[in-house]
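Below is one structure, written out as structure tokens, with a few remarks after it.
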Amino acid sequence: MDIIGTSLSRDGYLLTEVGAPATAGETGTLSFTIRDADGTPVTAFAQSHGRALHLIVVRTDGTGYRHLHPELDAASGVWSTTVTWDAAGSYRLFADATPLGADGVTLTRTIDVEGDLRPAKHRGERRHVTVDGIEVHLDGTLRTGDGGVLTATVSEHGHPVQRLEPYLGAYGHLVALREGDLAYLHVHALGETPAAGDLSGPEVAFHASAPTAGRYFLFLDFQVDGRVRTASFVVEASGAAPTATADHHEHHAVHTH
Ligand SMILES: [Cu+2]
């Protein structure tokens, strides 16, 4: 199992120091650069899911999730977007990008936001959430090894929602992070790639494999009525403890693409 999303460098690429508003409630620019092995800012990227870079921001307690698409200044290689922090805490940024001619990388950094901190406490799983009046229920199991299928069912006032719209080339995007180190899991939507104007629902299914048993934070981005919404779940993964071999593999961050 290849562990990703726990390092600011990968394959020679590095996520620079992040500029961001320092205090909760403050609005400002979030900015960073990806540098190559020579220290040169990368200015050319291949598109993935319709974008050159996907930025995930989440507080280390699994709250405050955002999925952002910063703008690239093609001359300097600086990525930037405007943010306002709702709350204080340590936030992890995950920049998912594919430098032109290279494999995709997920680079991460932690930034601290000053203010009154109230970390979330998680007890057990959270599989049923309501976001903007839309209910999302998550069935299935997250497993180690070959993994398992997770199915999100979307409803509104008890009726199935059948008007899920394609967002970034799929009916849903699921990001899974391991509690403790926020290791980033690549989760793949099952089913065919929708065409623009297609609608689906009420189910969206994903295949995911957890690197270890334990607790994971899951975030489902989906679009209904032209608006992207995020449902946040907590799921316990089942499966055998990692073998000594797998552990060794993890610590050396072997690239298995
Ligand atoms: Cu994205």
Side-chain angles (χ1 to χ4, degrees), residues 4-8 10 13 15-16 18 20 29-34 42-59 62-74 77-86 91-100 102-111 131-132 136 150 152 154 164-178 182-196 198 200 204-208 216-233 257:
I4 60 169
T6 55
S7 175
L8 59 84
R10 176 101 195 187
Y13 293 99
L15 180 61
T16 63
V18 175
T29 302
L30 181 76
S31 66
F32 56 87
T33 304
I34 294 173
V42 180
T43 55
F45 294 85
Q47 300 255 322
S48 163
H49 297 288
R51 301 289 182 145
L53 184 140
H54 301 269
L55 181 69
I56 301 299
V57 182
V58 65
R59 205 166 74 166
T63 65
Y65 172 92
R66 297 165 198 227
H67 179 164
L68 306 170
H69 298 112
E71 294 278 322
L72 173 67
D73 181 282
V78 175
W79 291 94
S80 60
T81 186
T82 301
V83 297
T84 309
W85 302 117
D86 300 326
Y91 287 79
R92 280 277 293 277
L93 273 67
F94 300 89
D96 216 330
T98 307
L100 215 54
D103 287 333
V105 288
T106 303
L107 306 174
T108 189
R109 276 242 181 208
T110 302
I111 54 170
V131 44
D132 295 335
V136 190
L150 290 163
V154 183
L164 289 175
E165 298 161 0
Y167 170 58
L168 301 170
Y171 288 115
H173 291 273
L174 189 65
V175 166
L177 302 173
R178 179 167 65 180
L182 301 184
Y184 188 100
L185 275 64
H186 269 170
V187 182
H188 300 283
L190 300 173
E192 285 173 24
T193 305
D198 284 0
S200 182
V204 203
F206 299 89
H207 181 263
Y216 289 79
F217 303 127
L218 272 63
F219 306 95
L220 173 69
D221 292 324
F222 63 101
Q223 184 173 312
V224 173
D225 303 335
R227 261 184 69 194
V228 180
R229 303 139 201 269
T230 302
S232 304
F233 305 98
H257 283 202

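Worth saying up front: this structure is predicted, and the values here are computed from it rather than measured. Atoms within a ligand are numbered from 1 in the order they appear, just like the ligands themselves. The first residue of the sequence shown is numbered 1, and numbering continues consecutively from there.
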Examine His69 and say whether one of its N/O/S atoms is closer to the Cu ion (ligand 1) than 2.8 Å.
yes

Measure the spacing between CZ of Arg229 and CG of Asp221 and express it to the nearest 0.5 Å.
12.0 Å

Is the closest side-chain heavy-atom distance between Leu55 and Trp79 below 4.5 Å?
no

On the 0 to 90° scale, with breaks at 30° and 60°, tag the Phe217-Phe219 ring pair as parallel, tilted or perpendicular.
tilted

Residue His54 atom name (nearest to the Cu ion (ligand 1); N/O/S):
ND1

Is there an N/O/S atom in His67 at a distance below 2.8 Å from the Cu ion (ligand 1)?
yes

Taking the side chain as every heavy atom from C-beta outward, state whether Leu30 and Tyr91 have any pair of such atoms under 4.5 Å apart.
no

